[in-house]
Colleague: 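My structure is below; once you've seen it, I'll send some questions.
Chain naming here is simple, since letters A, B, ... match the order of the sequence lines and numbering starts at 1 in each.
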Protein chains: 2
Amino acid sequence: MTLDEAWRILQENQFKRTKNRETILEFFAENDKYLTAMEVRNFMAIDNPGISFDTIYRNLASFSNLGILEETELNGERHFRMQCDHGVHHHHFICTTCGKTRNILHCPMESISVNLPGYEVEGHKFEIYGKCPICIG
Amino acid sequence: MTLDEAWRILQENQFKRTKNRETILEFFAENDKYLTAMEVRNFMAIDNPGISFDTIYRNLASFSNLGILEETELNGERHFRMQCDHGVHHHHFICTTCGKTRNILHCPMESISVNLPGYEVEGHKFEIYGKCPICIG
DNA sequence: TTAGTAAACAGGAACGATTACGATTACTAC
DNA sequence: GTAGTAATCGTAATCGTTCCTGTTTACTAA
């Protein structure tokens, strides 16, 4: 997702254009990987040492709800990244060294759901962890 | 996994047979679902109100490392359950209401790994969330 | 352009889950 | 039994996250 798309979504939902939101989105646009709230804070603190965690978490949650960011849990910490291809369902390979991701277009749910009669499926999670070619290098 | 199998593994790894470990394993043997440290504590506190969280977390981590328990993250909390069929790779449907699980024998990795040339896969996670037939009512 | 209003923010306290630690207890091998 | 070690207790500390309160900011419409 581009910055323009993100701002369009925010505007459609009556979110104001603030300096903090610009900084957060800029950071995610530049980093194609899952990031923690602390990493976001450290980046924001360069220009604004007094940045509040409340501001960061509130905005990350809003962006996640709006589909601007994707969220996952790694090592017990919440991680966020820019939504890759808006609207196209996919999964991720996540490099355990550098954190970069690679899209997995195949979704295992298609061949599974038929085997769950009587069950109501609400969601699923499929992630692959390992080392990317650069980190193996 | 049965209690006997669990104790055999513990014995092979020089773990002592203590009352606390007996209580923890007994609780998991009786509950075919993912449980939190707090739920384990509440059960143990019936006989031993002074039980320490340190004891619980340390033993849960040991059991998980030994393959006696399986571990996953649900709603930001660590959950543990008895390893189902030791040695047989599988995944889970997890009911978001009662927490009970159902095995998914099909593993999506078989058809995926070929699409990741140059990547080194270390692990993967595949879970389906929803309502089981009992909770749908 | 300015005043009004709701949203956003800073700063810090609070919270729940988890871990660390020194002192104590229980097991095991001799 | 006794020594040595593993396990536990009780508590405090840590960590990531959320809540609270007063202040500031961005948008709106006159």
Colleague: To the nearest 10°, give me the bend of the helix from dT1(C)-dA30(D) to dC30(C)-dG1(D), comparing the axes of its five terminal pairs at either end.
Modeller: 30°
Colleague: Whole-Å distance between dA17(C) P and Asn75(B) CG?
Modeller: 11 Å
Colleague: When Ile, Leu, Val, Met, Phe, Trp and Tyr are grouped by side-chain heavy atoms lying under 4.5 Å apart, directly or through other members, which residues fall in the same group as Met38(B)?
Modeller: Phe53(B), Tyr57(B)
Colleague: Kindly state each residue pair satisfying ring pair (Phe, Tyr, Trp, His ring centres under 6.0 Å) with at least one member in residues 11-46 of chain B, sequence neighbours excluded.
Modeller: Phe27(B)-Phe43(B), Tyr34(B)-His92(B)
Colleague: Using only side-chain N and O atoms of Tyr57(B), determine if any of them is under 4.0 Å from OP1 or OP2 of dT19(C).
Modeller: no
Colleague: Which residues pass the salt bridge (Lys or Arg N to Asp or Glu O under 4.0 Å) test with Glu26(B), sequence neighbours left out?
Modeller: none
Colleague: Write down the distance between CD1 (Ile56(B)) and C1' (dT11(D)), rounded to a whole number of angstrom.
Modeller: 15 Å
Colleague: Using salt bridge (Lys or Arg N to Asp or Glu O under 4.0 Å) as the criterion, list what pairs up with Glu30(A), not counting sequence neighbours.
Modeller: none
Colleague: Does any donor atom in the side chain of Ser64(B) or Glu70(B) lie under 3.5 Å from an acceptor atom in the other side chain?
Modeller: no
Colleague: Applying side chain to side chain contact (heavy atoms under 4.5 Å, CB included), can you list everything that pairs with Ala61(B), at least two apart in sequence or on another chain?
Modeller: none
Colleague: What is the distance, to the nearest angstrom, from the CD atom on Glu77(A) to the C1' atom on dT18(C)?
Modeller: 13 Å
Colleague: Of all heavy-atom pairs between Leu105(A) and His90(A), which one has the smallest distance, and what is that distance?
Modeller: CD2-CB, 4.3 Å
Colleague: Which residues satisfy the salt bridge (Lys or Arg N to Asp or Glu O under 4.0 Å) test with Arg78(A), sequence neighbours excluded?
Modeller: Glu71(A)
Colleague: Taking DNA chain C as the partner, which of residues 23-47 of chain A come within under 4.0 angstrom of it by heavy atom?
Modeller: none
Colleague: Take the protein atom CZ of Arg78(B) and the nucleotide atom P of dG16(C), then report the distance between them rounded to whole Å.
Modeller: 19 Å
Colleague: What's the CD-P distance between Glu73(B) and dT17(D), to the nearest Å?
Modeller: 10 Å
Colleague: How does protein reach along nucleotides 8-15 of chain C, written 5' to 3' as B (base within reach of a heavy atom under 4.0 Å), S (only sugar-phosphate), or - (no contact)?
Modeller: SBBB----
Colleague: Please list, chain by chain and in numerical order, all residues satisfying side chain to side chain contact (heavy atoms under 4.5 Å, CB included) with Ile136(B), sequence neighbours excluded.
Modeller: Glu120(A), Lys131(B)
Colleague: With sequence neighbours excluded, what pairs up with His124(B) under the ring pair (Phe, Tyr, Trp, His ring centres under 6.0 Å) test?
Modeller: His89(B), His91(B)
Colleague: dA17(C) P sits how many Å from Leu60(B) CG, rounded?
Modeller: 14 Å
Colleague: Which residue pairs pass the side-chain hydrogen bond (donor to acceptor under 3.5 Å, both in side chains) test with at least one member in residues 39-51 of chain A, sequence neighbours excluded?
Modeller: Thr36(A)-Glu39(A)
